[in-house]
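Structure first, commentary second.
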Amino acid sequence: QVKLVESGGGLVQAGGSLRLSCGASGGSVNNRPMAWFRQAPGKEREFVAAINWSGGGTSYADSVKGRFTISRDNAKNTVYLQMNSLKPEDTAVYYCAAKMELYGGTYDGARVYDYWGQGTQVTVSS
């Protein structure tokens, strides 16, 4: 059973930056697709960014393209989300997710992911 744990959330002013991390234990997520999603109060969970098994392929939601960067370190069993130029509308709980498909691509649908973290709160003040 893979356990994902997010960290790095917090309170930041608009225009600031945060870096989220997602570490895996109880199993390896190396060489498997990973993604970040977020859920704001009163809204459905939405896709943010995805990365393929090697880190060579990524995809982003239009709302974060050019501001957020997803990356991974397979040696550390960890995926990251660098968030720059943050806006108040980025305020949400951010979740990482893993799909246990070896050498898989990028996926923006929440239903395909097998494991989820507990989430980390990101709050952007105006």
Side-chain angles (χ1 to χ4, degrees):
Q1 185 80 3
V2 174
K3 181 179 180 181
L4 302 176
V5 179
E6 303 95 337
S7 61
L11 173 64
V12 64
Q13 288 188 334
S17 298
L18 283 174
R19 188 193 195 204
L20 305 184
S21 299
C22 174
S25 62
S28 176
V29 295
N30 291 344
N31 301 318
R32 292 169 169 83
M34 301 282 291
W36 288 94
F37 290 77
R38 67 186 182 186
Q39 187 167 18
K43 295 186 177 181
E44 294 189 352
R45 189 170 299 190
E46 65 174 2
F47 169 74
V48 175
I51 191 165
N52 76 340
W53 70 275
S54 67
T58 58
S59 64
Y60 296 91
D62 288 343
S63 59
V64 306
K65 204 170 291 183
R67 300 188 297 122
F68 290 12
T69 302
I70 188 171
S71 61
R72 69 188 303 158
D73 186 339
N74 279 336
K76 296 183 178 180
N77 220 17
T78 300
V79 66
Y80 305 97
L81 185 68
Q82 178 67 44
M83 305 186 295
N84 299 328
S85 302
L86 283 161
K87 304 175 181 180
E89 51 263 45
D90 294 318
T91 295
V93 177
Y94 283 71
Y95 300 89
C96 70
K99 176 175 169 50
M100 303 309 283
E101 175 192 8
L102 196 59
Y103 307 130
T106 57
Y107 305 93
D108 60 7
R111 292 184 178 183
V112 307
Y113 289 91
D114 302 300
Y115 294 103
W116 292 81
Q118 83 292 344
T120 185
Q121 176 71 46
V122 171
T123 303
V124 184
S125 63
S126 56

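Because the structure is a prediction, the values reported are computed rather than measured.
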Notebook entry, point to check: So Cys22 and Trp36, side-chain contact (heavy atoms from CB on, under 4.5 Å) or not? Walk me through it.
Noted result: CA-CA 9 Å; Cys22 174; Trp36 288 94; 3.7 Å; yes
Note to self: For Thr120 versus Leu20, what's the shortest heavy-atom pair and its separation?
What the structure shows: CG2-CD2, 4.0 Å
Next item on the list: Validate the cation-pi geometry between Arg38 and Tyr95: distance from NZ or CZ to the six-membered ring centre under 6.0 Å, angle to the ring axis within 45°.
Entry: no
Notebook entry, point to check: By side chain to side chain donor-acceptor pair (under 3.5 Å), which residues pair with Ser17, not counting sequence neighbours?
Noted result: Asn84
Margin query: Would Lys99 pass as a cation-pi partner of Tyr107, given that its NZ or CZ must be under 6.0 Å from the six-membered ring centre and within 45 degrees of the axis?
Written below: yes
Check: Rounded to the nearest 0.5 Å, what separation is found between the CG atom of Asp108 and the CD atom of Glu46?
Finding: 11.5 Å
Item checked: Closest heavy-atom pair and its distance - Pro88, Ser126 -> CG-CB, 3.8 Å
Item checked: Nearest-0.5 Å distance, CD1 of residue Ile70 to OG of residue Ser59 -> 7.5 Å
Note to self: Main chain of Gln118, side chain of Glu6: is a donor-acceptor contact present, judged purely on distance under 3.5 Å?
What the structure shows: yes
Check: Looking at CZ of Arg72 and OH of Tyr80, how far apart are the two atoms once the value is rounded to the nearest 0.5 Å?
Finding: 11.0 Å
Note to self: We want to know whether Glu89 and Thr91 form a side-chain donor-acceptor pair, criterion being a heavy-atom distance below 3.5 angstrom.
What the structure shows: no
Item checked: Single-linkage hydrophobic cluster, 4.5 Å side-chain cutoff, Leu81 and Phe47 together -> no
Next item on the list: Go through the steps to decide whether Met83 and Val122 satisfy the test side-chain contact (heavy atoms from CB on, under 4.5 Å), and finish with yes or no.
Entry: CA-CA 10 Å; Met83 305 186 295; Val122 171; 3.8 Å; yes
Margin query: Donor-acceptor check, side chain of Asp73 to backbone of Val79, threshold 3.5 angstrom: yes or no?
Written below: no
Note to self: Let's go through Asp90 and Lys87 carefully: what are the C-alpha distance in whole Å and the side-chain angles of both, what is the deciding distance for salt bridge (charged side-chain N to carboxylate O under 4.0 Å, His left out) to 0.1 Å, and is it a yes or a no?
What the structure shows: CA-CA 5 Å; Asp90 294 318; Lys87 304 175 181 180; over 6 Å; no
Note to self: Please verify the inter-ring angle class for Trp116 with Phe37; under 30° counts as parallel, over 60° as perpendicular, anything in between as tilted.
What the structure shows: tilted
Next item on the list: Flag yes if Val2 and Ile51 sit in one hydrophobic cluster, no otherwise; membership is Ile, Leu, Val, Met, Phe, Trp, Tyr, and two members link when side-chain heavy atoms are under 4.5 Å apart.
Entry: yes
Item checked: Gap separating the OG1 atom of Thr123 from the CD atom of Gln13, nearest 0.5 angstrom -> 13.0 Å
Note to self: Holding to side chain to side chain donor-acceptor pair (under 3.5 Å), I want the full list of residues that pass it with Ser85, two or more places apart in sequence or in another chain.
What the structure shows: none
Notebook entry, point to check: CG/Asn30 to OG/Ser54 distance, rounded to the nearest 0.5 angstrom?
Noted result: 12.0 Å
Item checked: Backbone of Ser7 reached by a side-chain donor or acceptor of Ser21 within 3.5 Å -> no
Next item on the list: Look at the rings of Tyr103 and Trp53 and say which category their plane angle falls in: under 30° parallel, 30 to 60° tilted, over 60° perpendicular.
Entry: perpendicular
Notebook entry, point to check: So, does Asn52 use its side chain to make a donor-acceptor pair with the main chain of Gly105 at under 3.5 Å?
Noted result: no
Checklist line | same_hphob_cluster(Leu4, Met100) at 4.5 Å side-chain heavy-atom cutoff | finding: yes
Note to self: I'd like to know if the side chain of Tyr115 and the backbone of Cys96 have a donor-acceptor N/O pair within less than 3.5 Å.
What the structure shows: no
Check: Crowded around Lys43 NZ? As in, over 12 foreign heavy atoms under 6.0 Å?
Finding: no
Notebook entry, point to check: Are Phe68 and Met34 joined in one hydrophobic group, where the rule is that I, L, V, M, F, W and Y side chains link up if heavy atoms are under 4.5 Å apart?
Noted result: yes
Next item on the list: Go through the steps for Asn31 and Asn74 under the test side-chain contact (heavy atoms from CB on, under 4.5 Å), then give the verdict.
Entry: CA-CA 7 Å; Asn31 301 318; Asn74 279 336; 3.7 Å; yes
